Number of protein chains: 2
Amino acid sequence: MANRVRNFGAGPAALPLPVLEQIRDELLDFRGTGMSILESSHRGPAYSEIHEEAMTNLRRLLEAGEEYEILFMTGGARTQFSLVAMNLLTRGSRADYVTTGRWSELALDAGRRFGAVREIWTSAPHGHDRVPGDDELAPDPRAAFVHYTSNNTIYGTQYHRVPESGGAPLVCDMSSDILSWPLDVSRFGVIYAGAQKNLGPAGVTVVVVRRDLLERSEPSLPETMSYAAMAAKRSLVNTPPVFSIYGLALVTRHWLSQGGVREIERRNREKAELLYAAIDGSEGFYRGHARPDSRSRMNVTFNLPTPELEASFLTGAAAEGLAALKGHRSVGGVRASIYNVAELEGVRELAAFMNDFRARNG
Amino acid sequence: MANRVRNFGAGPAALPLPVLEQIRDELLDFRGTGMSILESSHRGPAYSEIHEEAMTNLRRLLEAGEEYEILFMTGGARTQFSLVAMNLLTRGSRADYVTTGRWSELALDAGRRFGAVREIWTSAPHGHDRVPGDDELAPDPRAAFVHYTSNNTIYGTQYHRVPESGGAPLVCDMSSDILSWPLDVSRFGVIYAGAQKNLGPAGVTVVVVRRDLLERSEPSLPETMSYAAMAAKRSLVNTPPVFSIYGLALVTRHWLSQGGVREIERRNREKAELLYAAIDGSEGFYRGHARPDSRSRMNVTFNLPTPELEASFLTGAAAEGLAALKGHRSVGGVRASIYNVAELEGVRELAAFMNDFRARNG
């Protein structure tokens, strides 16, 4: 694939090339069934096997115990902002939210529409440049849940630990860093994630929910919005997003064959270090947005001395096949999204381009 | 594609072979972008063009005027059962429902959770064997809306006209027969349809909504559940189901090149007539479920004299590459789903098999 660009887009993000090749190769005839997986009944044997494999692979990669249900829903994390509250924020209870960027602000705003919420910490006053330490958080142990966003794609900050929730169920939007490092799933009540950054093609949302929390879903909730109803039917209340779950099965299979989450983390550290070294060695030419202890290994965000240099940087990078580096439209600058699938070689090329661009313009 | 089976599954259903081939051919490099469409940003030029094309093609095929918005949502018709009521059933109003099978029963049940509803007609007492005539319906002209299901996949009945709603906005679940015959969209308030039978791959739900009805969506609704919010952002509130919309763009482009909905209808009539002729000429060996005037051109449902013969029929058909003919698990028997994409040649083969099977077993 000589003409394949290095894709630093924030999502939908790059997929493993062997996965794309497999999708292509079996697109017209799925494993001898005489039809495409796109044409297969969601209740037939071909798709059922994929559906179960996707759940099993994900459970293995997350090392999630049997006390957790894995759900395949739709509507993205944005829909989960509401569904978390609709399912877990029972009458008379209150939820605590930690706000570290745009997505957690939207989650808080959605929660507010369904019940009592409290913002217990926010990085807004200092431009969302870091995540809090545990000593800065005092969640209510009786909270319905404590919600946080593990990685902030726009600002490029990330938690490198699971925060303390003081005993309340921890709920995490892990859309942008799920499977990027090994973490203890048993610390969570709910993990949710849109697939399109680290899990597979857009169109499916993964929800990992501790079984005892399913009791909170009111029976009056629509089935496709109810964690309990979706769990009871193994996410087959109705036709699921077949292709996206198929893609997720292949991506998770790929990672299992590559050594699992520990190997993913090793690669992610190496990639992120290359870019942060280019920033730190630039004598202030590249100014990283995140404070060093909160730096994301998924989204490396930085500015150049002037908007003109930023524009020139983006144009020059694109000309060398380093694509989709523009910062989020709300903050500008440069953003290199280096999710699990981003290849080391491409990140090396970007680091070299950064050094070269500075030498020419610094 | 010598080994391609004739797929009579009820959905996800067959896709046009040229569409599958195009998806395959451009899967690794989408039109010179150096990446897959699966890896493209939903806000970048490559995907934006697809998104707009999908909307435009659908508008052209439906001949929907500018007073209608076309939305791309997720969660299937099952989710729309709730969203229709959440968006349109304002406080103090009441909605009328016509019940002609399992899906309209579920829509009614969902509506009941959000407001006042009334069932104005049901085919349940006679086993959902037909749809009502206009003289049997007396919808309330002040109803928030009148809801019906245009084609009933399980029982094999279908409306061959747009029913009178007495002035109230008509809301239709058209999941299983959208684009199957030309109809006057201006008669409708809302049309919704999961894509996976006639529009493209599973994972996207189309909602066609008359603009003036958007005023009813409460601002407190979550954006991904609000017709008004989705319309305001051209269905890009968050990452859409990229691949499914891409597939929909290709399928609708295919139909435009084939002559549009009038040509689809011509083919559908020809296909359905072949199978109903096999039933009607069988001297009672094949017993169609639907009354003749309500027969579906999408799902042809029938029984054989004994369950043993039905099992033998299904096995024999599968051996000849006529796949997925088993009736819905709730009713049994045989169901031939012959959506827009089903090829005439395959339907001919099925009709021939029916005649042959009867000759051998009648």
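This structure is a prediction, so every number in the text was calculated from the model and none was measured.
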Under 4.5 Å between any side-chain heavy atoms of B:Pro222 and A:Phe114, yes or no?
yes

Would you mind reporting whether B:Ile23 and A:Phe243 have side-chain heavy atoms less than 4.5 Å apart?
no

Count the heavy-atom pairs under 4.5 Å between each of B:Thr33, B:Thr74, B:Asp109, B:Asp25 and chain A, then report the option with the highest count.
B:Thr74

Scanning both residues in full, the closest heavy-atom pair of B:Arg113 with A:Pro219 reads NH1-O, 3.5 Å

Could you state the interatomic distance from CG (A:Leu27) to CZ (B:Arg24), rounded to the nearest 0.5 Å?
8.0 Å

Step through the shown structure and confirm whether more than 12 heavy atoms of other residues, nucleotides or ligands are within 6.0 Å of CD on A:Glu343.
no

Ranking A:Gly32, A:Gly203, A:Gly75, A:Gly11 by heavy-atom pairs under 4.5 Å to chain B gives rank one to A:Gly75

Can you give me the closest heavy-atom contact between B:Ser41 and A:Pro12, atom names plus distance?
CA-CD, 4.0 Å

Less than 4.5 Å to any heavy atom of chain A: does that hold for the side chain of B:Val341, its backbone, both, or neither?
neither

OG1/A:Thr224 to CG/B:Leu83 distance, rounded to the nearest 0.5 angstrom?
7.5 Å

Quick check: do A:Val242 and B:Gln196 have side-chain heavy atoms less than 4.5 Å from each other?
no

For the backbone of A:Met35 and the side chain of B:Asn7, can you confirm whether one donor and one acceptor N or O come within less than 3.5 Å of each other?
no

Under 4.5 Å from any heavy atom of chain B, what part of A:Arg6 do you find: side chain, backbone, both or neither?
neither

Any chance CZ of B:Arg91 has more than 12 other-residue heavy atoms, nucleotides or ligands included, within less than 6.0 Å?
no

Contact origin within A:Val237 toward chain B - heavy atom pairs under 4.5 Å
both

CG (A:Asp29) and CG (B:Leu20) are apart, to the nearest 0.5 Å, by 11.0 Å

CG (A:Leu106) and CD (B:Glu223) are apart, to the nearest 0.5 Å, by 7.5 Å

Measure the spacing between CG of A:Leu28 and CG of B:Asn3 and express it to the nearest 0.5 Å.
9.0 Å

Quick one: which of B:Ala14, B:Gly76, B:Pro201 has the most heavy-atom pairs under 4.5 Å with chain A, could you say?
B:Ala14

Pairs of heavy atoms under 4.5 Å with chain A: top-ranked of B:Ala202, B:Ala324, B:Pro240, B:Ala13
B:Ala13

Please report the shortest heavy-atom distance between B:Met225 and A:Ser82, naming the atom on each side.
CE-CB, 4.3 Å

From A:Asn238 atom CG to B:Gln80 atom CD, the distance as rounded to the nearest 0.5 Å
11.0 Å

Contact part of A:Arg112 toward chain B, heavy-atom cut-off under 4.5 Å: side chain, backbone, both or neither?
neither

